[in-house]
Amino acid sequence: MSTGTILKVAGPLVVATGMRDANMYDVVRVSRERLIGEIIEMHGDQASIQVYEETQGLGPGEPVESMEVPLSVELGPGLMGSIYDGIQRPLNKIMEATNSNLLSRGVEVAALDRAKKWEFVATASVGEEVEAGDILGTVRETPVVVQKIMVPYGVKGKLKSISSGSYTVEETIGVVETEKGDVTLTLMQKWPVRRGRPYAKKLPPDMPLVTGQRVVDAFFPIAKGGVAAIPGPFGSGKTVTQHQLAKWAEADIVVYIGCGERGNEMTDVLNEFPELQDPRTGESLMQRTILIANTSDMPVAAREASIYTGITMAEYFRDMGYSVALMADSTSRWAEALREMSGRLEEMPGEEGYPAYLGSRLAQFYERAGRVISLGREGREGQLSAIGAVSPPGGDISEPVSQATLRIVKVFWGLDSELAYQRHFPAINWLTSYSLYLDDLGEWFDKAADGNWMETRQHLMSLLQDEASLNEIVKMVGMDALSPQDRLKMEAARSIREDFLHQNSFDEIDTYTSLQKQFAMMRLVYAFYEGGVKALGEGANINDIVAMKTRERIGRFKYTKEDEVQAEYTKVLNELSAEFAEVAAKEDR
């Protein structure tokens, strides 16, 4: 192993000399306390090391040792329900080892429990020809997740031996005879975090990741394997929105990365997720969740590693054929870590001091999402959807991180502080947000909603845009200056905002809405507008239309139970038609 000595220390950056035999991105152990770090720059025999722990007290002359392997994560049984820091150290195991709630420097704890035995059920047979990605067997990791043990990348040959039984992650479960010799197989494999896991083929994103959040599914959907950004100022609901998506999105596995956020936010996640009941299985949500906590009081440098650690784990489960949702909160804190390390390396800064390669680093992260056919003869399809929160200072999305993100992602859920202060949840601004997946997903939605989903959606969006234009007139001359047709548009748009887009995450019925119920709600709101246009054409009074009693029934429809949706929809629609008939008859009299 390559060894050297510390030359100088500047915050999380340590410069070591005598490292000529080391390589870029090697993991190193710094000082006698064996702090973990990573080489991020090489000049001759001098290496610049990004240390992922507190460097206070280090000085020149202390030893540095290269481990001659890149920063990697351990992948295998034991990941589900775990809580890691940014470099995959299990926080609960560290607390047990140190008998302290504080992270101690230089603690070495294995990411996967080396003592626990897992029940392995072999599905492959001796004598089979196997290759990278083939399923060897399964381990039921939690009541809701079966982990598929795959042949590691780069291994191809005849299965010489394999047997079911109880094994630790390091014990041999089988042997593959390859051209280069025998390769022993275990339940665990390792993968470098900065390298995307390979796949056989990437597929187009033509099916949505249904979230049950109406503004997302109906107006700005994300595809399975898609990428989305949630920018917003402080207090606008980025974290709460991601919690809702983590709980309700149609994903088999959730990887939640708390990257540089405040400690109390991650504490809420750690406390809430184990107590939340998974609506799909009835078990704890933590049974299919991995949490990575790298809060704002943890070493800044580790924020960068946390993003790569999380997405590597997500790719691992994607390769098994699962649908994985990754939440990164927030990529702005990750970019700040890049900016600090770039400054300490004295690199030429880009806009606002961020490194010139900010955009390419963000792209490297987001492009690891996707809908793919995994390696292996089985040809499993897996999806990895990445949703990153962005925290622009003051909510100004013209800053570099937001702009670089928007050039990459296909979905923009722009949070609005004004909506948040009005207690409108989710506070996604329908006038500034967009989804570039709409054209690809339109056919899927139309099949799911009798062929009229996209048409109805467009009608509602047009009314909201008309309302924004009419609001300027109302502010200047008042509502009474509007024509009856424009007043009707304003009332219909208000119904869209308050009755459809507003959602109560604390109500057990309204917190999630199926696509069938969403379509029924959209049709009811638009049926009111269509009926109003017809009634006005027949001479009805706009005040009578605005005061219709059925509007209250439309507003309460969101609290209808899923199994009662069709009956209630038909009933409200009939009442609406009957009341419009009464309004028309009143004018005739």
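Computed from a predicted structure; not experimentally measured.
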> Which word best sums up how the rings of Tyr256 and His243 line up, parallel for under 30°, tilted for 30 to 60°, or perpendicular for over 60°?
Replying inline: perpendicular
> In terms of the angle between their ring planes, are Phe317 and Tyr322 parallel, tilted or perpendicular, with boundaries placed at 30° and 60°?
Replying inline: tilted
Ion pair present between [X] and [Y], side-chain N to carboxylate O less than 4.0 angstrom?
X	Y	value
Glu53	Arg105	no
Asp329	Lys238	no
Glu108	Arg29	yes
Lys202	Glu367	no
Asp113	Lys93	yes
Lys117	Glu171	yes
Arg371	Glu381	yes

Do the side-chain N and O atoms of [X] and [Y] include a donor-acceptor pair separated by under 3.5 angstrom?
X	Y	result
Thr3	Glu65	no
Glu347	Tyr357	yes
Glu399	Ser402	yes
Ser323	Asp252	no
Tyr153	Glu131	no
Ser330	Ser391	yes

Give a yes or no answer on whether the side chain of [X] reaches the backbone of [Y] with a donor-acceptor pair at less than 3.5 Å.
X	Y	result
Gln88	Glu74	yes
Asp319	Tyr316	no
Gln242	Ile387	yes
Thr142	Gln287	yes
Thr312	Tyr308	yes
Thr178	Lys180	yes
Glu141	Gly78	yes
Ser2	Ser66	no
Arg339	Ser342	no
Arg344	Ala10	yes

Do [X] and [Y] come close enough that some side-chain heavy atom pair is under 4.5 Å?
X	Y	answer
Val175	Val183	no
Glu340	Gln50	no
Pro198	Leu375	yes
Ile39	Asn23	no
Leu79	Leu112	yes
Ser306	Cys259	yes
Leu136	Ile162	yes
Gln147	Thr138	no

>> Determine whether Phe412 and Ile397 satisfy the following criterion, side chain to side chain contact (heavy atoms under 4.5 Å, CB included), listing intermediate values before the conclusion.
In response: CA-CA 11 Å; Phe412 170 65; Ile397 63 168; 3.9 Å; yes
[X] side, atom [atom1]; [Y] side, atom [atom2] - distance, nearest 0.5 Å:
X	Y	atom1	atom2	answer
Thr309	Ile290	OG1	CD1	11.0 Å
Ser166	Lys116	OG	NZ	11.5 Å
Asp26	Leu71	CG	CG	10.5 Å
Ile257	Arg333	CD1	CZ	15.0 Å
Met286	Ile83	CE	CD1	5.0 Å
Asp134	Ile149	CG	CD1	13.5 Å

>> Test side chain to side chain contact (heavy atoms under 4.5 Å, CB included) on Ile6 and Val15; report intermediate values, then the result.
In response: CA-CA 6 Å; Ile6 293 178; Val15 178; over 6 Å; no
> Please walk me through it: do Thr405 and Tyr366 pass side chain to side chain contact (heavy atoms under 4.5 Å, CB included)?
Replying inline: CA-CA 9 Å; Thr405 303; Tyr366 281 111; 3.9 Å; yes
Check [X] against [Y] and note the closest heavy-atom contact, atom names and distance.
X	Y	result
Glu62	Ser31	OE1-CB, 3.2 Å
Pro152	Leu185	CD-CD2, 3.8 Å
Val27	Pro70	CG2-C, 3.6 Å
Gly106	Leu35	N-CD2, 3.6 Å
Ala200	Ser374	CB-O, 3.7 Å
Leu91	Ala293	CD1-CB, 4.0 Å

> Is atom CG of Asn99 surrounded by more than 12 heavy atoms (other residues, nucleotides or ligands) closer than 6.0 Å?
Replying inline: no
>> Could you go through Thr17 and Gln46, starting from their C-alpha distance and side-chain angles, then the distance that decides it, and tell me whether this counts as side chain to side chain donor-acceptor pair (under 3.5 Å)?
In response: CA-CA 4 Å; Thr17 187; Gln46 289 189 12; 4.9 Å; no
>> Test of understanding: with salt bridge (Lys or Arg N to Asp or Glu O under 4.0 Å), list the residues that count as partners of Arg194, not counting sequence neighbours.
In response: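 Salt bridge (Lys or Arg N to Asp or Glu O under 4.0 Å) list for Arg194, sorted by chain: Glu38, Glu304.
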>> What verdict does the salt bridge (Lys or Arg N to Asp or Glu O under 4.0 Å) test give for Glu119 and Arg140, after you've listed the backbone C-alpha separation in whole Å, the side-chain angles of each residue and the deciding distance to 0.1 Å?
In response: CA-CA 7 Å; Glu119 200 62 35; Arg140 179 162 287 282; over 6 Å; no
> Do Met327 and Leu245 pass the side chain to side chain contact (heavy atoms under 4.5 Å, CB included) test, and can you show the C-alpha distance, the side-chain angles, and the key distance before you say yes or no?
Replying inline: CA-CA 9 Å; Met327 314 288 166; Leu245 296 174; 3.8 Å; yes
